[in-house]
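Let me begin by presenting the structure, written as structure tokens, before commenting on it.
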Amino acid sequence: VRYDYCTDAWEEPPEDAVGWWKSQMPEANAKRMNWAPNDVMLDYFQQLEGQPDKVDVRYILALLMVRRRIVRLEESERDGQGNESLVLFCPRNEAEYRVPVAMPDAERAEQIQEELARLLLSDSS
């Protein structure tokens, strides 16, 4: 079930929430923001592989690419220690990727969102 709240009514997500996000409706005459081309996102995603300090960025970018249908979620698997990874397939380059699940806390998620927006969003003329 989806619930929408105005900013004044928002306190925090309920304990049993699966996910939550915040968005703002743009002004009618505002410039439109566009994501970078899929190839640029995929290239950045590949660059992040093997960078332990960016594992959470790569995870969030992977979720964004699943949402944009750049990659497809094939399955979720656990290793011997119980660590979960997403198995993704990219039809564009016919590659399979394993992405460790690295859910950031709220503060870090906001930093990642700002970083990805700075790198992968542009306004259209």
Side-chain angles (χ1 to χ4, degrees):
V1 175
R2 174 182 167 162
Y3 297 100
D4 293 335
Y5 298 91
C6 71
T7 304
D8 296 336
W10 178 254
E11 294 173 13
E12 62 182 43
E15 287 291 322
D16 59 345
V18 175
W20 62 275
W21 63 94
K22 180 171 76 171
S23 61
Q24 185 174 356
M25 295 299 294
E27 298 293 325
N29 59 354
K31 289 183 179 178
R32 183 178 165 100
M33 299 301 285
N34 293 309
W35 285 107
N38 294 349
D39 289 334
V40 172
M41 284 188 174
L42 189 57
D43 184 56
Y44 183 55
F45 173 76
Q46 292 169 336
Q47 289 176 27
L48 292 173
E49 188 170 13
Q51 294 186 31
D53 60 324
K54 296 284 190 172
V55 68
D56 53 356
V57 176
R58 189 167 189 255
Y59 172 68
I60 297 297
L61 182 55
L63 296 178
L64 175 63
M65 293 192 325
V66 167
R67 183 175 177 198
R68 293 185 45 86
R69 296 186 175 123
I70 299 169
V71 296
R72 180 175 64 231
L73 177 61
E74 295 290 304
E75 65 180 309
S76 176
E77 61 186 23
R78 292 194 182 274
D79 64 13
Q81 290 80 31
N83 300 315
E84 186 179 6
S85 292
L86 303 178
V87 179
L88 307 174
F89 178 75
C90 179
R92 183 178 300 267
N93 61 11
E94 297 184 358
E96 186 176 86
Y97 302 99
R98 283 182 168 60
V99 180
V101 173
M103 185 60 74
D105 62 28
E107 182 180 332
R108 178 66 179 140
E110 191 169 321
Q111 292 171 351
I112 292 169
Q113 185 177 15
E114 290 171 6
E115 177 182 343
L116 292 176
R118 188 177 64 253
L119 292 170
L120 300 173
L121 276 176
S122 65
D123 60 359
S124 63
S125 304

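Only a predicted model underlies this, so the values are computations on that prediction, with no experimental measurement involved. In this chain, numbering begins with 1 at the start of the sequence shown.
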**OP:** Evaluate the side-chain contact (heavy atoms from CB on, under 4.5 Å) criterion for residues Arg118 and Glu115: first the C-alpha distance (whole Å), next the side-chain angles of each, then the deciding distance (0.1 Å), finally the verdict.
**Re:** CA-CA 5 Å; Arg118 188 177 64 253; Glu115 177 182 343; 3.8 Å; yes
Original post:
Which residues pass the side-chain hydrogen bond (donor to acceptor under 3.5 Å, both in side chains) test with Glu49, sequence neighbours left out?
Top reply: none
Subject >> Crowding at CD, Glu94 (>12 non-hydrogen neighbours, <6.0 Å) >> reply: no
**OP:** Following the transitive rule for hydrophobic clusters with a side-chain heavy-atom cut-off under 4.5 Å over Ile, Leu, Val, Met, Phe, Trp and Tyr, establish whether Val87 and Leu64 coincide in one cluster.
**Re:** no
Original post:
For Asp105, what residues pass the side-chain hydrogen bond (donor to acceptor under 3.5 Å, both in side chains) criterion, not counting sequence neighbours?
Top reply: none
**OP:** Report yes or no: do Met65 and Leu63 belong to one cluster of Ile/Leu/Val/Met/Phe/Trp/Tyr joined by side chain heavy-atom distances under 4.5 Å?
**Re:** yes
Original post:
What pairs with Pro104 under side chain to side chain contact (heavy atoms under 4.5 Å, CB included), at least two apart in sequence or on another chain?
Top reply: Asp56, Ile60, Arg108, Ala109, Ile112
Original post:
What ring pair (Phe, Tyr, Trp, His ring centres under 6.0 Å) pairs are there with at least one residue in residues 55-75, not counting sequence neighbours?
Top reply: none
Original post:
Can you name the residues that form a side-chain hydrogen bond (donor to acceptor under 3.5 Å, both in side chains) with Arg98, not counting sequence neighbours?
Top reply: Glu77, Glu96
Original post:
Who are the side chain to side chain contact (heavy atoms under 4.5 Å, CB included) partners of Gln51, not counting sequence neighbours?
Top reply: Leu48, Asp53, Lys54
Original post:
Listed by chain and number, what are the side chain to side chain contact (heavy atoms under 4.5 Å, CB included) partners of Asp8, not counting sequence neighbours?
Top reply: Cys6
Subject >> ring pair (Phe, Tyr, Trp, His ring centres under 6.0 Å) partners of residues 72-93, not counting sequence neighbours, each pair once >> reply: none
**OP:** Could you note down all residue pairs passing salt bridge (charged side-chain N to carboxylate O under 4.0 Å, His left out) where residues 82-91 supplies at least one of them, sequence neighbours left out?
**Re:** Arg78-Glu84
Original post:
So, for Val71 and Ala62, which heavy atoms are closest and what is the spacing to 0.1 Å?
Top reply: CG2-O, 4.2 Å
Original post:
Among pairs that include at least one residue of residues 64-73, which meet salt bridge (charged side-chain N to carboxylate O under 4.0 Å, His left out), considering only residues two or more places apart or in two chains?
Top reply: Arg72-Glu74
**OP:** Please report the shortest heavy-atom distance between Ser85 and Pro100, naming the atom on each side.
**Re:** OG-CA, 3.7 Å
**OP:** Using a 4.5 Å cut-off on heavy atoms from C-beta on, say whether the side chain of Gln47 contacts that of Tyr44.
**Re:** yes
**OP:** Could you tell me the separation between the CD atom of Glu107 and the CD atom of Glu110, rounded to the nearest 0.5 Å?
**Re:** 8.0 Å
Original post:
For Asp39, which residues count as a side chain to side chain contact (heavy atoms under 4.5 Å, CB included) partner, sequence neighbours excluded?
Top reply: Arg92
**OP:** Indicate if Val55 and Leu73 have the same hydrophobic cluster label, given that clusters are the connected sets of ILVMFWY residues with side-chain heavy-atom separations under 4.5 angstrom.
**Re:** no
Original post:
Mind checking whether Leu61 and Leu120 have side chains closer than 4.5 Å, heavy atoms only?
Top reply: yes
**OP:** With sequence neighbours excluded, tell me which residues meet side-chain hydrogen bond (donor to acceptor under 3.5 Å, both in side chains) with Tyr97.
**Re:** Gln46, Asn93
Original post:
Quick one: CZ on Phe45 to CG on Leu88, what's the gap to the nearest 0.5 Å?
Top reply: 5.5 Å
**OP:** Specify the closest pair of heavy atoms between Asp79 and Gln81, including all atoms of both residues, with the distance to one decimal.
**Re:** OD1-N, 3.0 Å
